[in-house]
Amino acid sequence: MPDLATPLIAWYRTHARDLPWRHPGFGAWGVLVSEFMLQQTPVNRVIPHLQAWLARWPTPAALAADAPAEAVHQWANLGYPRRALWLHRAAVEIVARHDGDVPADVDALLALTGIGDYTARAVAVFAYGQRHPVVDTNTRRVLARAIDGRAQPDPPSRRDLIAMTAILPDEVTASTIVNAATMELGATVCTARAPRCDACPLAAACAWRAAGYPDTGDNRRRQARYEGSDRQARGAVLRMLRDAAPTPIPLAEVIADWPDARQRDRAVDSLIADGLAEASEGLLRLPT
DNA sequence: CTCCAGGTAC
DNA sequence: GTACCGGGAG
């Protein structure tokens with residue numbers, strides 16, 4: 001196994017982007033909120049929303065004291081609005097179970113709503129300085145190329161955590177940097193479509209490069225089309241509720257001009273099932 | 001068309 | 001293991 005940690009650390013020192021959540025003292029709550037927003041959403045779209053969110057709710061207790069509707073409304077057009085609901089639930093759980101302090105223990109973090117393997121370890125590592133493997137889509141791609149010699153990673157699995165652990169230095173501070181540097185490399189250099197291998201600190205050690213950049217196939221899931229999808233319909237319903245909030249909307253007026261009435265009804269029902277909307281007396285509103 | 005600091009529930 | 005969940009930018 002080649003040493004990837006040393007070149008990653010050296011590269012990160014000079015190439016890391018200056019992102020808000022990387023500033024010392026940003027705080028565990030700030031890190032947690034940023035990680036929720038960064039789930040499937042690019043950095044540049046997150047930053048303004050993150051700052052507005054933390055200005056309004058500087059602590060888990062502040063968010064927990066407001067209605068879920070406020071969280072869904074503040075989430076605006078970030079996408080995957082269940083994350084807003086989950087973040088609110090997590091804040092309530094943090095107040096109930098941890099006296100309002102974001103827990104540092106991975107298992108305690110995993111027990112919070114909306115937090116899985118990635119987010120739990122990201123908070124434990126980046127907010128609390130612990131040594132754990134932090135594995136996101138960028139990390140999986142870097143490891144697939146540098147170690148396995150494959151163009152694209154397999155679908156996420158527990159093996160990813162083992163693979164990442166294998167390249168982490170024993171020393172805690174260095175392991176934190178390697179976690180961040182691997183994600184950063186995947187986000188800015190070892191990208192999915194047009195990697196800049198001439199600028200890569202791992203070029204000398206990369207198995208994919210050594211093999212001549214073979215096209216090893218692509219086992220990733222294909223994303224469903226968005227145009228005309230149920231997701232688009234849900235987004236339209238929720239946007240209407242946000243724009244009207246706090247005023248509820250008569251059910252008969254909810255995206256009344258949507259071309260597919262069946263799909264519109266399905267969208268409303270699924271939003272209610274997710275807890276993102278509530279219906280009563282013929283009116284639809286954000287969750288109270 | 002593709003991609004994106006994932007997680008949940010079945 | 002698979003399906004589902006937004007929206008914007010390239």
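A note on names: the letters A, B, ... follow the listed sequences, proteins ahead of strands, and every chain is numbered from 1.
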Could you go through nucleotides 8-10 of chain C and list every protein N or O atom that sits under 3.5 Å from one of its N or O atoms, giving the distance for each pair?
| from | atom 1 | to | atom 2 | distance (Å) |
| --- | --- | --- | --- | --- |
| C/dG8 | OP1 | A/Asn77 | ND2 | 3.0 |

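- Rounded to an integer number of Å, the gap from A/Asp160 CG to B/dA5 P is 16 Å.
- Residue-to-nucleotide contacts include no donor-acceptor pair under 3.5 Å from the side chain of A/Arg83 to the base of B/dA5.
- A side-chain donor from one of A/Thr41 and A/Arg83 sits under 3.5 Å from a side-chain acceptor of the other.
- Checking B/dG6, C/dC5, B/dA5 against every side-chain atom of A/Thr119, the shortest atom distance belongs to B/dG6.
- The side chain of A/Gln40 lies closest to B/dG6, out of B/dG6, C/dC5, B/dT8.
- With DNA chain B read from its 5' end, the first of the two nearest nucleotides for A/Leu112 and A/Met183 is the one closest to A/Met183.
- In this structure, A/Asn44 reaches neither bases nor backbone, as no heavy-atom distance under 4.0 Å exists between it and the strands shown.
- When the nearest nucleotides of DNA chain B are assigned to A/Val43 and A/Gly114 by heavy-atom distance, the more 5′-ward of the two goes with A/Val43.
- Residue-level contact check: A/Gly79 touches the bases, meaning some heavy atom is under 4.0 Å from a base atom.
- Between A/Arg225 atom CZ and C/dG6 atom C1' the separation is 15 Å, expressed in whole Å.
- Straight-line distance between the P atoms of C/dG8 and B/dG7: roughly 23 Å, to the nearest whole Å.
- In this structure, A/Trp75 reaches neither bases nor backbone, as no heavy-atom distance under 4.0 Å exists between it and the strands shown.
- Classification of A/Arg22 and A/Glu184 as a salt-bridged pair holds, one side-chain N sitting under 4.0 Å from a carboxylate O.
- Salt-bridge check for A/Asp260 with A/Arg266: failed, with every basic side-chain N at 4.0 Å or more from each acidic carboxylate O.
- Nearest nucleotide to the side chain of A/Arg141, out of B/dG7, B/dA5, B/dC4: B/dC4.
- Atom-to-atom, CH2 of A/Trp86 to C1' of C/dC5 comes out at 8 Å; the value is rounded to the nearest Å.
- Checking B/dC4, C/dC5, B/dT8 against the side-chain heavy atoms of A/Asn138 singles out B/dC4 as nearest.
- Using a cut-off of 4.0 Å between Lys/Arg side-chain N and Asp/Glu carboxylate O, A/Arg158 and A/Asp117 are scored as salt-bridged.
- Criterion: ILVMFWY side-chain heavy atoms under 4.5 Å apart, direct or through other members. Under it, A/Leu38 and A/Val102 are part of a common hydrophobic cluster.
- Contacts of A/Pro81 with the nucleic acid, taken as non-hydrogen atoms under 4.0 Å apart, involve only primed sugar atoms and P, OP1 or OP2.
- Between A/Tyr213 and A/Trp208, the ring center distance clears the sub-6.0 Å criterion.
- With C/dC5, C/dG7, B/dC4 as the candidates, the nucleotide lying closest to the side chain of A/Arg239 is C/dG7.
- One finds a salt bridge joining A/Glu70 and A/Arg56 here, because a Lys/Arg side-chain nitrogen approaches an Asp/Glu carboxylate oxygen to under 4.0 Å.
- Spacing between atom CG of A/Leu78 and atom P of B/dC4 amounts to 18 Å, rounded to whole angstrom units.
- Put simply, CD on A/Glu227 is 15 Å from C1' on B/dT2, counting in whole angstrom units.
- Atoms CZ (A/Phe36) and C1' (B/dC4) sit 18 Å apart, rounded to a whole Å.
- A/Thr41 comes within contact range of at least one nucleobase, with a heavy-atom separation under 4.0 Å.
- Annotation: A/Trp57 is not in aromatic contact with A/Trp29 [ring centroid separation under 6.0 Å not met].
- Atom pair A/Arg140:CZ and B/dG7:P shows a separation of 11 Å (rounding to whole Å applied).
- Residue-to-nucleotide proximity on DNA chain C shows that, of A/Pro155 and A/Arg82, the 5′-proximal contact is made by A/Pro155.
- What separates NE2 of A/His49 from C1' of C/dG7 is a distance of 10 Å, to the nearest Å.
- Atom CG of A/Leu8 and atom CG of A/Leu185 lie 6.0 Å apart (nearest 0.5 Å).
- Here, C/dA3 and B/dA5 have their C1' atoms 22 Å apart, quoted to the whole Å.
- At a threshold of 4.0 angstrom between heavy atoms, the contacts of A/Ala192 are confined to the sugar-phosphate backbone, with no base atom among them.
- Residue contacts shown for A/Ile115 are limited to sugar-phosphate atoms, with no base heavy atom under 4.0 Å away.
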